[in-house]
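See structure below.
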Amino acid sequence: MQDEPTPIELTKAVADFLRNDVTPLISGHQAFKLRVAINILDLVTRQLAREGESDNAEVARLRALLGLEGSVTELNHALAERIAKGEVDLSTPGLAEHLWQTTMDKLAVDQPNYASYKRELSRGA
């Protein structure tokens, strides 16, 4: 659907409301639980913003690496099977790069303020 506001805008608005309007009113353990909820909303917002682009890029890398078609889940399962069977390893062309980029994409959603992630971004990874 292409209605406004988008899911990204909605989750961001709720997180901002909780962060700016509700957080100052709460203390103690309830404040901690509120911060956890805000962090979850922030994570969901980042995931919604990035999932299409990063999933498409991951599928393209996996298709090139495996020579197969399929969804991101199916292709990741196929890759895991090949790794488990010893059919591919870090000497396989493209595998290390794929794993690195997939990790960076996941960190962009899960831990965008992680110091090592920021350092790698600044290196142009």
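Numbering of residues begins at 1 and proceeds along the displayed sequence.
- Atom CZ of R35 and atom CG of N39 lie 8.5 Å apart (nearest 0.5 Å).
- In the hydrophobic clustering of ILVMFWY residues, with side-chain heavy atoms under 4.5 Å counting as a link, V88 and L75 come out together.
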Could you walk me through whether D16 and D21 satisfy the side-chain contact (heavy atoms from CB on, under 4.5 Å) test, starting with their C-alpha distance in whole Å, then the side-chain angles of each, then the deciding distance to 0.1 Å, before giving a yes or no?
CA-CA 8 Å; D16 289 345; D21 295 351; over 6 Å; no

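- The two residues E9 and T6 make their nearest non-hydrogen contact at OE1-N, 2.8 Å.
- Pairing each heavy atom of I8 with each of A49, the nearest pair is CD1-CA, 3.5 Å.
- Judged as a side chain to side chain donor-acceptor pair (under 3.5 Å), the pairs with a partner in residues 49-59 (not counting sequence neighbours) are, in order, E58-N76.
- Atom-to-atom distance recorded for L95:CG and R61:CZ is 11.0 Å, nearest 0.5 angstrom.
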Would you sort out whether Q111 and Y117 count as a side-chain contact (heavy atoms from CB on, under 4.5 Å), showing the intermediate values?
CA-CA 8 Å; Q111 296 292 325; Y117 169 74; over 6 Å; no

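- Both L90 and L79 sit in one connected hydrophobic cluster of ILVMFWY residues. Membership requires side-chain heavy atoms under 4.5 Å apart, directly or through other members.
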Pair V36-K33, side-chain contact (heavy atoms from CB on, under 4.5 Å): steps then yes or no:
CA-CA 5 Å; V36 169; K33 291 197 287 190; 5.5 Å; no

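- Hydrophobic clustering, with ILVMFWY side chains joined whenever heavy atoms are under 4.5 angstrom apart, groups V59 together with I83.
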Residue pair L68, R82: steps toward the side-chain contact (heavy atoms from CB on, under 4.5 Å) verdict:
CA-CA 12 Å; L68 299 172; R82 288 187 185 184; 3.7 Å; yes

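- Note on V22: it clusters hydrophobically with I38, by side-chain heavy-atom contacts below 4.5 Å among ILVMFWY residues.
- The structure places CG of L41 at 12.0 Å from CZ of F17, a figure rounded to the nearest 0.5 Å.
- Both L107 and L121 belong to a single network of hydrophobic side chains, linked directly or stepwise wherever heavy atoms of I, L, V, M, F, W or Y lie under 4.5 Å apart.
- Salt bridge annotation for D42-R46: absent, with no cationic side-chain nitrogen under 4.0 angstrom from a carboxylate oxygen.
- Side chains of V14 and L10 form no contact here, defined as non-hydrogen atoms less than 4.5 Å apart.
- Across all non-hydrogen atoms, the minimal contact from R119 to S122 is O-OG, 2.6 Å.
- Among pairs with a residue in residues 83-92, those fulfilling side chain to side chain donor-acceptor pair (under 3.5 Å) read D89-S91, at least two apart in sequence or across chains.
- Summarising the geometry of T11 relative to T45, their closest heavy-atom pair is OG1-OG1, 2.6 Å, with the distance given to 0.1 Å.
- Contact check for E97 versus W100: no side-chain heavy atoms found under the 4.5 Å cut-off.
- Nearest heavy-atom pair, A31 versus I26, reported as atom, atom and distance to 0.1 Å: N-CG2, 3.3 Å.
- In summary, E120 and R123 engage in a salt bridge, as defined by a charged side-chain N under 4.0 Å from a carboxylate O.
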